[in-house]
Amino acid sequence: MEKKTTVPVTAIVLGASGRGKLYGDYSLEHPDDLQIVGIAELVELRRNMYRDKYHVPAGNCVATWEEMLNRPKFADAVIIATPDHLHYAPCMKALDLGYDILLEKPIAQTEEECRRLVAYAKEKGKIVGLTHVLRYSPYFLMLKEMVSSKRIGELVSIQHFEPVDHVHMSHSYVRGSWRDSEASTPLVLAKSSHDLDILHWIIGKPCTKVAAFGDLAHFKSEKAPAGVPARCTDGCPVEATCPYSALKIYYRDRTWLYVFDLPEDYDEQGKVILENLKNGNYGKCVYHCQNNQPDHYMMLMEFEGGVTVNFSIEAFTSYSGRRTRIMGTHGDIVGDMESFTHTDFASGVSKTYRADAVDALNYEGVGHGGGDAGMIHDWIEAIRKQDASLMSTPLDESLESHLMAFAAERSRKENKVIAVEH
Ligand SMILES: NC(=O)c1ccc[n+]([C@@H]2O[C@H](COP(=O)([O-])OP(=O)(O)OC[C@H]3O[C@@H](n4cnc5c(N)ncnc54)[C@H](O)[C@@H]3O)[C@@H](O)[C@H]2O)c1
């Protein structure tokens, strides 16, 4: 019988914000599997919080990824959870040093960098997992199984819809880190590399052609109501009725707060939030944000073998999640990421499958864990056994979604159908 390995994989985390903390939490929940032994984080408050909460040796807590990766290798792996524009350089450097890597999506900002990074990871023979966590979610696992088992006959086409939610759009893609597609990554990659990856995974064949349309319809200065100031805190005449008011979203409703480093006390929190709204990006009027991400985006795709897909990303919705319709020759599927209904054409029988009831369907091991935990678990096993095939999200597979996204951007900007080069 195989002896269970209990020596934890040791990892250095770069970036101690939302994603970085998730890996810290995993290490506390699974100390036999993952131990965080170094943290690089620009913001001192976050860095110190991370050191204390996740028991990182003080000597291995530094401000920048460069400083960390200038040291000789001292752990098994590096987890890259810095912003999009800081994925490529730290990943290449970590490969140079011989680390295995968990790289937050997206791989890099340009197609050329993505290709170069994937080739270099292969040359170095290192494990590089990309965080396309939806592949581990029970819902998409069930959906893939339903299509692969041919219970809808031959797959013919898919309609996939990603409602962003209007507030989420304003937070992330108008005011937030992804407001500028050049400084970060284009919306179709930043928001939807997961979706393009899932489509490619379910169809099981490469995408050959794409066409994309869409632009920024609303969040721009010419759409600003008369007399609005640069910030919601500057006495805006429409603040009380604006759905995008920063005072409403962050101060009154206290939502989307993860971007602020807040104290525990509610009143003290309020003071920090207001200070941020008066000085930082999240207090800016949505019509004056120097943003350029499209707020409606439509993409048409053809896959090898002729399967067609239409996919749209929409900012102006009151809901989020994903909606998917899958059309086969002998049945169809209609789903909303919580459940889907399969209808068999011959019998006329429809049956609904819920993602939270996966155990009943014998999807062993996916009912208890969720996407992130499943992905981290497989990555750790891949490192332990030095076998990249143990991950559902190997890097060269993940590259496909990025090639589709870059081709879509070319199509949208050049106004033509683009062949995806593999
Ligand atoms: N897999 C997913 O589903 C998923 C979900 C959300 C975000 N992401 C990706 O994960 C990455 C991180 O996301 P986040 O929401 O935690 O972002 P974030 O911007 O909140 O956090 C990044 C952290 O990196 C730090 N940082 C910036 N420059 C640095 C440097 N030179 N050296 C060290 N630290 C530095 C920042 O101070 C910040 O704390 C992004 O690329 C994002 O696209 C993936």
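In each ligand, atom 1 is the first atom listed, and ligand 1 is the first ligand listed.
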For this session: Would you please test R384 and D33 for salt bridge (Lys or Arg N to Asp or Glu O under 4.0 Å) and show each step?
Result: CA-CA 10 Å; R384 280 184 167 149; D33 291 330; 3.1 Å; yes
Exercise. Does the side chain of F340 reach to within under 4.5 Å of the side chain of T324, using non-hydrogen atoms?
Worked result: no
Pairs under 3.5 angstrom, nitrogen or oxygen on both sides, ligand 1 versus protein: list them out, please.
from     : atom 1 : to   : atom 2 : distance (Å)
ligand 1 : 1 (N)  : R19  : NH2    : 3.4
ligand 1 : 1 (N)  : E104 : OE1    : 3.0
ligand 1 : 1 (N)  : T131 : O      : 3.1
ligand 1 : 1 (N)  : T131 : OG1    : 3.0
ligand 1 : 3 (O)  : H194 : NE2    : 2.9
ligand 1 : 16 (O) : G18  : N      : 3.3
ligand 1 : 16 (O) : R19  : N      : 3.0
ligand 1 : 20 (O) : S17  : OG     : 2.7
ligand 1 : 32 (N) : W65  : N      : 3.1
ligand 1 : 37 (O) : E41  : OE2    : 2.6
ligand 1 : 39 (O) : E41  : OE1    : 2.7
ligand 1 : 39 (O) : E41  : OE2    : 3.1
ligand 1 : 39 (O) : R46  : NH1    : 2.6
ligand 1 : 41 (O) : T82  : O      : 3.3
ligand 1 : 41 (O) : D84  : N      : 3.4
ligand 1 : 41 (O) : D84  : OD1    : 2.6
ligand 1 : 41 (O) : H87  : NE2    : 2.8
ligand 1 : 43 (O) : D84  : OD1    : 2.8
ligand 1 : 43 (O) : K105 : O      : 3.3

Problem set entry | Qualifying residues under side chain to side chain donor-acceptor pair (under 3.5 Å), relative to D180, sequence neighbours excluded | N292
Seminar exercise, completed: By side chain to side chain donor-acceptor pair (under 3.5 Å), S170 pairs with (sequence neighbours left out) none
For this session: With sequence neighbours left out, write down each residue that passes ring-ring contact (aromatic ring centres under 6.0 Å, His included) with Y287, or none if nothing qualifies.
Result: H218
Problem set entry | Distance-minimising heavy-atom pair for G235 and P229 | C-CG, 4.3 Å
